Trainee: 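First, the structure itself, so that you have it in front of you.
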2 protein chains.
Amino acid sequence: MNIGEAADQSGLPVKTIRYYEQIGLVRPAREANGYRDFRAAEVRKLAFLARARSLGFSIEDCRTLLSLYEDGQRASADVKRVASEHLDQISQKIAELETLKASLSHLVARCHGDERPDCPILAGLAEAPKQPKRRRDAGA
Amino acid sequence: MNIGEAADQSGLPVKTIRYYEQIGLVRPAREANGYRDFRAAEVRKLAFLARARSLGFSIEDCRTLLSLYEDGQRASADVKRVASEHLDQISQKIAELETLKASLSHLVARCHGDERPDCPILAGLAEAPKQPKRRRDAGA
DNA sequence: GCTTGACCCTCCAGTCACTGGAGCCTCTAG
DNA sequence: CTAGAGGCTCCAGTGACTGGAGGGTCAAGC
């Protein structure tokens, strides 16, 4: 199977598949003409990667998950640990974004948004408290 | 004022300030010895940038906001538009992450996480449908 | 005057996960 | 034989820094 069909079946762009080969995630065989030849096992790996990536796992996580996937002797605890850590990161990211959202929507709500220059958003950006780090003798 | 003190007062790393000069966000004067010389106005701009970046605005948004900040004739509507679009992006990102979180936590919850190889997480990554399952009465 | 060390300078490379493009080769259909 | 689709490699760019090499400048202390 050529790369184009592998792309269709896995849902990954052709370019991405070549990139995944370059970084060693897959190792398709080659035909005599130099074309990559994807067998069913490679296509399954590509689809696995596509789904892992769509769940936000990093490439390095994907590498780990793929090796666990291929290892019949794996412990599910290893998989769960990787997934749980990623889940924590997602939760943390959501919390950060919620904080940003709260600050920003507060500013936006107070801006009348007309043709006048007066703007609480700019005022907030200009004047929000930001305590400078003190160097040796930086006075107040 | 040298770059180190400007960094302390603005809260930005020295490297980042040099980078901001490189991309044209600030234009500090130079002393005879080649050192950057930051005046109060530049430091205010740096602090403004630090706060805009900490709210997640892109550099290009920051460029726009900075020019609005410096333009006494601005319309607050222009500022509000930039901020509202960013707010929408944040909300959208949160929604995406919530979706990921739901999928992933479903998988993680079902994995017993012990020494056995059986693992619903890997199974989900390996077998999840590329397209949503079609129900009999859902047409298509 | 000299040394030390903090601070400053520029330029280059790396991050992450692709993505676009140039320039070329191969295959298949008509 | 030609056209077009698809394959190949290699290089460069994305965003927003960050680290490091290799070197210049300055102020304090001896």
Side-chain angles (χ1 to χ4, degrees), chain A residues 1-38 42-43 45-46 48-66 86 89-90 93 96 100 133-138, chain B residues 1-38 42-43 45-46 48-66 86 89-90 93 96 100:
Chain A
M1 182 187 308
N2 283 348
I3 196 170
E5 198 180 341
D8 290 346
Q9 297 206 9
S10 65
L12 288 171
V14 166
K15 277 275 193 184
T16 299
I17 296 176
R18 290 205 191 96
Y19 172 68
Y20 285 176
E21 182 187 17
Q22 188 189 320
I23 62 173
L25 283 179
V26 288
R27 266 179 252 280
R30 295 285 178 143
E31 298 173 47
N33 59 12
Y35 286 17
R36 289 168 183 82
D37 184 14
F38 291 85
E42 308 295 321
V43 175
K45 282 165 81 169
L46 289 173
F48 180 95
L49 288 167
R51 292 188 287 257
R53 289 289 300 132
S54 77
L55 283 177
F57 286 103
S58 71
I59 289 287
E60 284 317 300
D61 279 350
C62 288
R63 203 185 291 278
T64 303
L65 291 171
L66 199 54
H86 180 43
Q89 285 174 12
I90 289 174
K93 186 69 186 174
E96 287 170 15
L100 292 193
K133 287 181 282 185
R134 307 226 183 259
R135 299 165 103 200
R136 276 177 304 170
D137 62 343
Chain B
M1 181 188 304
N2 283 349
I3 196 170
E5 198 181 340
D8 290 346
Q9 297 207 6
S10 65
L12 289 171
V14 165
K15 277 273 191 186
T16 299
I17 296 175
R18 291 203 190 99
Y19 172 69
Y20 285 175
E21 182 188 17
Q22 188 189 320
I23 63 173
L25 283 178
V26 288
R27 266 179 251 282
R30 294 284 178 145
E31 297 173 47
N33 59 10
Y35 285 18
R36 289 168 184 80
D37 183 16
F38 291 85
E42 308 294 321
V43 175
K45 281 165 83 167
L46 290 173
F48 180 95
L49 289 168
R51 292 188 287 255
R53 290 288 302 132
S54 76
L55 282 176
F57 286 102
S58 71
I59 289 287
E60 283 317 300
D61 279 350
C62 286
R63 203 186 290 279
T64 303
L65 290 171
L66 198 54
H86 179 44
Q89 285 174 12
I90 289 173
K93 188 69 186 175
E96 287 169 15
L100 293 193

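The structure presented is a predicted model; accordingly, all values stated were derived computationally and were not measured. Residue numbers begin at 1 in each chain, while the letters A, B, ... track the order of the sequences.
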Trainee: May I have the distance from A/Leu12 (atom CG) to C/dT19 (atom C1'), rounded to whole angstrom?
Mentor: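 So the CG-C1' distance, A/Leu12 to C/dT19, works out to 14 Å.
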Trainee: Starting from C1' on C/dT19, measure out to CD on A/Gln22 and report it in whole angstrom.
Mentor: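 It is 12 Å, rounded to the nearest whole Å.
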Trainee: If you check every side-chain atom of A/Lys15, which of C/dG21, C/dC18, D/dG7 has the closest atom?
Mentor: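 When the side chain of A/Lys15 is considered, C/dG21 is the closest of C/dG21, C/dC18, D/dG7.
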Trainee: Please tell me if A/Thr16 has a side-chain N or O lying less than 4.0 Å from either OP1 or OP2 of C/dT19.
Mentor: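 Yes, within the criterion.
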Trainee: May I ask you to say whether A/Glu21 pairs ionically with A/Arg18, meaning some side-chain N is under 4.0 Å from a carboxylate O?
Mentor: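 Salt bridge: no.
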Trainee: Between B/Asn33 and D/dC26, is there a contact of a side-chain N or O with OP1 or OP2 at under 4.0 Å?
Mentor: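 For D/dC26, OP1/OP2 do have a side-chain N/O of B/Asn33 under 4.0 Å.
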Trainee: Can you tell me if A/Arg53 touches the phosphate of C/dC16, counting only side-chain N or O atoms and a distance under 4.0 Å to OP1 or OP2?
Mentor: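 For C/dC16, OP1/OP2 do not have a side-chain N/O of A/Arg53 under 4.0 Å.
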Trainee: Within the 4.0 Å heavy-atom criterion, would you say A/Tyr20 contacts the bases, only the backbone, or no part of the nucleic acid?
Mentor: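 Sugar-phosphate contact only - A/Tyr20 comes under 4.0 Å of backbone atoms but never of a base.
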Trainee: Return the minimal non-hydrogen interatomic distance between A/Ile90 and A/Leu55, and the atom names on each side.
Mentor: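 Result for this residue pair: CD1-O, 4.2 Å.
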Trainee: Decide yes or no for B/Tyr20 and B/Ile59: does some side-chain heavy atom of the first lie under 4.5 Å from some side-chain heavy atom of the second?
Mentor: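 Yes, side chains in contact.
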Trainee: Which whole-number value in Å describes the distance from B/Asn2 CG to D/dA27 C1'?
Mentor: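 So the CG-C1' distance, B/Asn2 to D/dA27, works out to 12 Å.
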Trainee: Roughly how many Å is it from CZ in A/Phe57 to P in C/dA17, rounded to a whole number?
Mentor: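 In whole Å, C/dA17 P and A/Phe57 CZ are 13 Å from each other.
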Trainee: Need to verify one output field. Residue with the more 5' nearest nucleotide on DNA chain D, A/Glu21 or A/Tyr35?
Mentor: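 Mapping each residue to its closest nucleotide by heavy atoms, the 5'-most match is A/Tyr35.
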Trainee: So do the side chains of A/Glu5 and A/Val43 get within less than 4.5 Å of each other, counting heavy atoms only?
Mentor: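 Answer no - side chains too far apart.
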Trainee: Does any part of the side chain of A/Gln9, heavy atoms only, come nearer than 4.5 Å to the side chain of A/Met1, both counted from C-beta?
Mentor: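 They are in contact (side-chain heavy atoms under 4.5 Å apart), so the answer is yes.
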Trainee: Check the phosphate of D/dG7 against A/Arg36, side-chain N and O only, distance under 4.0 Å to OP1 or OP2. Yes or no?
Mentor: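 No, A/Arg36 has no side-chain N/O under 4.0 Å of OP1/OP2 on D/dG7.
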Trainee: Given atom CG of B/Leu49 and atom C1' of D/dG15, what is their separation to the nearest angstrom?
Mentor: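 Those two atoms, CG and C1', are 15 Å apart.
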Trainee: What's the OH-C1' distance between A/Tyr19 and C/dC16, to the nearest Å?
Mentor: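 That distance rounds to 7 Å.
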Trainee: Atom CD of A/Glu5 and atom P of C/dC27: how far apart are they, to the nearest Å?
Mentor: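 Whole-Å distance recorded here is 17 Å.
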Trainee: Rounded to whole angstrom units, what separation is found between the CD1 atom of B/Ile3 and the C1' atom of C/dC7?
Mentor: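 Rounded to the whole Å, the gap is 11 Å.
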Trainee: Heavy atoms under 4.0 Å, any strand shown: does A/Arg18 hit a base, just sugar-phosphate, or nothing?
Mentor: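 Base contact.
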